[in-house]
Amino acid sequence: MPELPEVEVTRRAIAPHVENEIIENIQIHEHRFRWPIIKELPDLINGQKVESLTRRGKYLIFKVAGGHILIHLGMSGSLRLSENRLPEKKHDHVGISMSSGWTLWLNDPRRFGSVLWTKEPVLSHKLLSKLGPEPLTDDFTAETFYKASRNRKGPVKAFIMDSHIVVGVGNIYASESLFMARINPMTPANEVALEQYSKLVECVKLVLEKSIKSGGTTLKDFMSGEGKPGYFQQSLSAYGREGANCVSCDDKIIKIVIGQRATFYCPSCQI
DNA sequence: ATCGCCTCCTGCGCGC
DNA sequence: TGCGCGCAGGAGGCGA
């Protein structure tokens, strides 16, 4: 479900109800995720204060004394605050009840997400240590893309979705960013010029920032932690618009498959 | 190192 | 109405 904007919107919604609150109880109704939830987790975090809730890429990081809880939402995961301490919906697999009275429910039908425990330093964790720069910081530049792309012959769309190059650009925003930058998604990454990467970096930042401001993209069921849907789907120019008119020329958006993922672009605008 | 493919899992919409 | 199929917002791991 979530790409970076949806994770960030979720983080902002739930942080005020979680930060500086005590974890009174974690209930785990399903351990089978991408990686199984360790049995020791309740003993490690019950009674602990959440010192901060931050984000790295699509990972949410709950800092407690002695370590961190990492939550990744995979394809279908979502976090929801509820006053109910019992599961309300199918696939409410994990509930974290806080001293604020709220319970944070992790709902994840497909269970591609994960709930991990790691000691400090959190960024040394195997899954975080090799991640590329955050797209909304100054660490992410045209040079980032350019240098990393010189021996990459694969399509530029797959390249920008590689979290080891830059984090947070998923399938929707990859198509959107390439549309805005007028780059054909099939272009081999090493054939994209520095000036084009400069434009692309600008577009990635704009698309992600605008989506966060819109509350993310709700295709089927994305809701922020407070239960609000996103509105960025109304702003999509390419993703999901196969056969529809391009917003900037007379041609129609077409759909192709790159790396087993649906890809949308305008064959006239994106050379 | 890089690439393309496979996999994990459930739910939904579509065509017949 | 029911069934089978294909597809879905991620990303690690595999063999080549």
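Protein chains get the first letters and strands the later ones, always in sequence-line order, with residue 1 at the start of each.
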Tell me: OH of A/Tyr59 to C1' of C/dA11, nearest whole Å? 8 Å

Taking the side chain of A/Asn151 as heavy atoms from C-beta outward, which of C/dG10, C/dG12, B/dT2 is closest to it? B/dT2

Is A/Arg261 touching bases, backbone alone, or none of the nucleic acid, heavy atoms closer than 4.0 Å? base

Rounded to the nearest Å, what distance is computed from the CG atom of residue A/Leu116 to the P atom of nucleotide C/dG12? 11 Å

Across the strands shown, which category fits A/Arg111 at heavy-atom distances under 4.0 angstrom: base, sugar-phosphate, nothing? sugar-phosphate

Kindly say whether A/Asp139 contributes a backbone atom to a donor-acceptor pair with the side chain of A/Glu134 at under 3.5 angstrom? no

Check whether the side chains of A/Ser52 and A/Glu19 place a donor and an acceptor atom closer than 3.5 Å, and report yes or no. no

Considering every strand and a 4.0 Å limit on heavy-atom distances, what is the contact class for A/Tyr239: base, sugar-phosphate, or nothing? sugar-phosphate

Under a 3.5 Å limit on both distances, the Watson-Crick or wobble mate of C/dG15 is B/dC3

Ion pair check, A/Arg12 and A/Glu8, cut-off under 4.0 Å: yes

Separation of B/dA1 P from A/Lys147 NZ (nearest whole Å): 19 Å

Over all strands shown, is A/Asp162 touching base, sugar-phosphate only, or nothing at heavy-atom distances under 4.0 angstrom? nothing

For a quick check under 3.5 Å, do A/Thr217 and A/Tyr173 share a side-chain donor-acceptor pair by atom type? yes

Check the phosphate of B/dC3 against A/Arg152, side-chain N and O only, distance under 4.0 Å to OP1 or OP2. Yes or no? yes

Considering only atom P, compute the distance from C/dC3 to B/dC9 and round it to an integer number of Å. 24 Å

Of A/Ala148 and A/Phe112, whose nearest nucleotide on DNA chain B comes first from the 5' end? A/Ala148

Return the 5'-most residue of the pair A/Lys90, A/Gly154 with respect to DNA chain B, ranking by each residue's nearest nucleotide. A/Gly154

Given side chains that start at C-beta, do those of A/Arg34 and A/His72 come closer than 4.5 Å, heavy atoms only? no

Quick one: is A/His91 getting a side-chain N or O under 4.0 Å of the B/dT10 phosphate, OP1 or OP2? no

Quick one: sort the A/Phe140 and A/Phe145 rings into parallel, tilted or perpendicular, breaks at 30° and 60°. perpendicular

Calculate the interatomic distance between A/Leu73 atom CG and C/dG12 atom C1'; express it in whole Å. 17 Å

In whole Å, what is the span from the NZ atom of A/Lys153 to the P atom of B/dG4? 8 Å

Base, sugar-phosphate, or nothing: which does A/Ala262 touch, judged by heavy atoms less than 4.0 Å apart? sugar-phosphate

Across the strands shown, which category fits A/Lys220 at heavy-atom distances under 4.0 angstrom: base, sugar-phosphate, nothing? base

Separation of A/Asn190 atom CG from B/dA1 atom P, in whole Å? 18 Å

Paired with B/dC9: which nucleotide, if any, by Watson-Crick or G-U wobble criteria at under 3.5 Å for both distances? none

Taking the minimum atom-to-atom distance to the side chain of A/Pro155, which one of B/dG11, B/dC5, B/dG4 wins? B/dG4

Tell me: CZ of A/Arg56 to C1' of C/dG10, nearest whole Å? 16 Å

P gap between C/dG6 and B/dC6, integer Å: 14 Å

Would you indicate, yes or no, if C/dG12 has its OP1 or OP2 atom less than 4.0 angstrom from a side-chain nitrogen or oxygen of A/His72? no

Please state whether the phosphate of C/dG13, meaning OP1 or OP2, lies under 4.0 angstrom from any side-chain nitrogen or oxygen of A/Lys126. yes

Between A/Lys157 and A/Asn171, is any side-chain donor less than 3.5 angstrom from a side-chain acceptor? yes

Whole-Å distance between C/dA8 P and A/Gln260 CD? 11 Å

OP1 or OP2 of C/dG10 sitting under 4.0 Å from any side-chain N/O of A/Lys58? yes

